[in-house]
Protein chains: 2
Amino acid sequence: MTTSRDVVGQRSETVRRANLSSIVRELHLRGPLSRSELVARTGLTRSAIRGLIGELVAADLVEERRSEPAGTPGRPSPEVRARGDQTLALALEANVDSLAMALVGLGGTVHRLERVDRPRAHVTVDEIADDLVGLVRPMLGDLRSGDALVGIGVAVAGVVRRSDGIVRHAPNLGWRDAPLGDRLAESLELDVPVWLANEADLGGLAEHRRGAAAGADEVVYVMGEVGVGGNLIAAGRPLVGAAGYGGEVGHMPVNPEGLPCGCGAVGCWETEIGERALLVRAGRDPDGGRAAVSELIGAAGEGEARACAALEHVAAWLGVGLATLINILNPQLVVLGGVFERIHPLVGDAIEAATRRRSLRPSADLVRIVPGQLGVDAPIIGAAELAFEPVLADPAARLRSRVPALASA
Amino acid sequence: MTTSRDVVGQRSETVRRANLSSIVRELHLRGPLSRSELVARTGLTRSAIRGLIGELVAADLVEERRSEPAGTPGRPSPEVRARGDQTLALALEANVDSLAMALVGLGGTVHRLERVDRPRAHVTVDEIADDLVGLVRPMLGDLRSGDALVGIGVAVAGVVRRSDGIVRHAPNLGWRDAPLGDRLAESLELDVPVWLANEADLGGLAEHRRGAAAGADEVVYVMGEVGVGGNLIAAGRPLVGAAGYGGEVGHMPVNPEGLPCGCGAVGCWETEIGERALLVRAGRDPDGGRAAVSELIGAAGEGEARACAALEHVAAWLGVGLATLINILNPQLVVLGGVFERIHPLVGDAIEAATRRRSLRPSADLVRIVPGQLGVDAPIIGAAELAFEPVLADPAARLRSRVPALASA
DNA sequence: ACCATTTGGTCAAGAGGAGCACAAACCCGG
DNA sequence: CCGGGTTTGTGCTCCTCTTGACCAAATGGT
């Protein structure tokens, strides 16, 4: 049982770590800033900022450049930027429809992103791991000596135990307690930590950091893929729950008169708004996958009655569940990802109306419902963020335990 | 719109504040500790603890006493305890059935607690404020010079905006935008801050700090009074939401085929498990209040069929809503307060069964459902905690701005 | 060219915890 | 009752990290 954390005494180094962390985080999330802007943002003195940046430059995490003349009087302040060319995260995604790999630099630059389709079939962990490694290998050769890979983040379409990188349950991949993390770590031999998380959690993380929810502290993110997943952000932090299953909104009961769900219950949200429900209701092949959904959305755009009706149904039930979440959590923003992001242009108003009809006035007045901005790549971008997290939390740790640099593999 | 907080640079004083805070918090929550236990708990050195405690003793927040010989070898470590005799919080409660006042010492000792019944009628803010002040006055005379009152916490049966102490909406008191906080501050003339919050939020806070949920970081608290309220605790902190309306679970839609609710929607949780629903279903006077509920529970205990059926109904629907919350939040503990606490001995098993039937396996396996431990006084105890919070967060602030002590009023 | 303005560089000062040596207070055994 | 073992308080210096003051550098405006 998770009892309340042991009190931990603070010391001077704690302060240093926190200050280094907030500088790197700021540069990573908001992009390059001048030294004087950092002074303003943090409230620290110029001397302190100087010292901190010096340490970060020595660690090759940031670099300073002469800034363009700004037209204002006074000595120009050099621009500080994250060394996205040098400090890298490898992001992977094991989705139902596709596998993907991305190489992302500190600061968020996506150096490379490759996605390959895959058939919707159950395969072993080993096969998926091999395919992912195959996707990564050619890229590894291009890494220059001196490039520092800080970690590997993996987005998985399933329930993941983060502590040990085991996929507890991934019905659409056919896995149960699959050790994907260890498997990837062994095959890649990169000697950096591998972090796994659920694709919806990471999609939400990505939208929160670099997408539609940037800057918002109270966010409900709901993503429609084969299943329905979500990430609830409260006070700026994802709600993980006692065992990491927080935010699993797909199996919220919404319709007692509804259909049986794969989870054993009846009337789960997923049975009303999931991809399968959408396709069936529109008279499409329920196993048609992403292609069928695209076709459906196209048809609805051209006014096909059945397609439109299916979307309206999803919109209405999306509203029911969102109202519940809004009443409970009082978010400022709802971000729709995956399929919901794609259908938003067509039925955004219907979703909005259905939601407002059922949510409490004071909460509903405040909230905005918006589509995500990152599309299908949200989860893999979130995976990169996951891999960067330890560096952001304690940038000096890298300086302390500096590895000789990544060989050309 | 609440954007993510500005990065704030840390300095040495931040460390001091954090360390002072964790010591006072530890003593406040866990009771007296020896100096060496504090060393172990915080990980700080003996020297550091010594300095910190010295500062707290100077501020009259804690005191040291020779401890009883413990039978172990080694120099005995003095016992450090919060000065609950000296540092006080005043807690008030404006409930539908009663008004209450409590004087609570740092560390949680309840020096005095008085509750008076009140008829269920709409009255003005001024009347309630006057009644509360009348309850407090006699006690003020007994305060010794030197006693330090740190704040006033008020639990209100309604939706409260914490920032300015305005009761936005309290249907059962008949208020809308009532400035109870200001009104109390004026009448009491105590020159300390007045903090208002919702009774369910404070009930949850109290159970989390000193009741059934002590030590748990992921908690769902649901309280049945006239309405149904709740407090969701994630990562050890109450989930407040963007405007402070987080945790308002009473109007979660659970039954699309259900009854219309006062809020305008249909099938809110409250319409199935609220006090009124319980009484009506048991064939009692829906406006019978606390007395009618007590009678009902008594009757059910003796096996009256109708009373039992009503309780079973509540238990079943309690399960539906709890399952939703459990699936979404993955708590380790569900605490039932108010009426639900009282009916737990009778229908605890039914609640448990109904909940488990509908919640996802991995989340359900972990969670325990327990009744609260603080009974009707949970909210007022939470109100005292609310008033103490600023002192716990920054104990040194009191030292810096020391007031001459409270006169005999 | 000169001045106001803004910012970087340097260094001493202040805050605060760590670490160490020593003393104090307890238990126990003879 | 006395000495050894053990644990903890006390007092001191050292180390880390930020602040603040002073001066130099770089830019725009007149």
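Note that the coordinates shown come from a computational prediction; the quantities given were computed from them, not determined experimentally. Proteins get letters first, then strands, A, B, ... in listed order; numbering begins at 1 in each.
Here the P atom of nucleotide C/dG17 and the CG atom of B/Leu38 are 14 Å apart, to the nearest Å. In this structure, the CZ atom of B/Arg65 is 20 Å from the P atom of C/dA25, given to the nearest Å. For A/Glu13 and C/dA18, the CD to P distance is 8 Å, given to the nearest whole Å. Atom pair B/Asn19:CG and C/dA15:P shows a separation of 17 Å (rounding to whole Å applied).
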Note to self: Checking A/Arg209 against A/Glu389 for the salt bridge (Lys or Arg N to Asp or Glu O under 4.0 Å) test, could you report, in this order, the C-alpha distance in whole Å, the side-chain angles of both residues, the deciding distance, and whether it holds?
What the structure shows: CA-CA 12 Å; A/Arg209 294 220 171 151; A/Glu389 193 50 37; 2.6 Å; yes
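Proximity of a side-chain donor or acceptor of A/Glu207 to a complementary backbone N or O of A/Ala212 within less than 3.5 Å is detected. Distance alone, capped at 3.5 Å, is enough to place a donor-acceptor pair between the A/His111 side chain and the A/Gly84 backbone. Looking at A/Ser67, its side chain never comes within 3.5 Å of a backbone N or O of A/Glu79 through a donor-acceptor pair. Side chain of A/Glu218 to backbone of A/Ala235: a donor-acceptor contact under 3.5 angstrom is found. Under the 3.5 Å distance criterion, the side-chain polar atoms of B/Ser77 are matched with a main-chain donor or acceptor of B/Ser36. In terms of modelled atom types and a separation under 3.5 Å, the side chain of B/Gln332 and the main chain of B/Asp217 share a donor-acceptor contact.
In this structure, B/Ala48 reaches the sugar-phosphate backbone alone: every heavy-atom distance under 4.0 Å involves primed, P, OP1 or OP2 atoms, never a base. Residue contacts for B/Gly71: at a heavy-atom cut-off of 4.0 Å it reaches the sugar-phosphate backbone alone, with no base atom in range.
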Close N/O contacts between protein and nucleotides 6-10 of chain C (under 3.5 Å):
unit_1: C/dT6; atom_1: O2; unit_2: A/Arg75; atom_2: N; d: 2.6
unit_1: C/dT7; atom_1: OP1; unit_2: A/Ser36; atom_2: OG; d: 3.3
unit_1: C/dT7; atom_1: O4'; unit_2: A/Arg75; atom_2: O; d: 3.3
unit_1: C/dT7; atom_1: O3'; unit_2: A/Ser77; atom_2: OG; d: 3.3
unit_1: C/dG8; atom_1: OP1; unit_2: A/Ser77; atom_2: OG; d: 2.5
unit_1: C/dG8; atom_1: O4'; unit_2: A/Arg75; atom_2: NE; d: 3.4
unit_1: C/dG8; atom_1: O4'; unit_2: A/Arg75; atom_2: NH1; d: 3.4
unit_1: C/dG8; atom_1: O4'; unit_2: A/Arg75; atom_2: NH2; d: 3.4
unit_1: C/dG8; atom_1: N7; unit_2: A/Arg46; atom_2: NE; d: 3.1
unit_1: C/dG8; atom_1: N7; unit_2: A/Arg46; atom_2: NH2; d: 3.4
unit_1: C/dG8; atom_1: O6; unit_2: A/Arg46; atom_2: NH2; d: 3.2
unit_1: C/dG9; atom_1: OP2; unit_2: A/Arg35; atom_2: NH2; d: 2.3
unit_1: C/dG9; atom_1: OP2; unit_2: A/Arg50; atom_2: NH1; d: 3.1
unit_1: C/dT10; atom_1: OP2; unit_2: A/Arg50; atom_2: NH2; d: 2.8
unit_1: C/dT10; atom_1: O4; unit_2: A/Ser47; atom_2: OG; d: 3.4

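Nearer the 5' end of DNA chain D, as judged by each residue's closest nucleotide, is the contact made by A/Gly43, out of A/Arg66 and A/Gly43.
A donor-acceptor contact under 3.5 angstrom links the side chains of A/Arg210 and A/His28, judged on distance only.
Nucleotides of DNA chain D that come within less than 4.0 Å of any heavy atom of chain B span, from the 5' end to the 3' end, D/dG5 to D/dT19.
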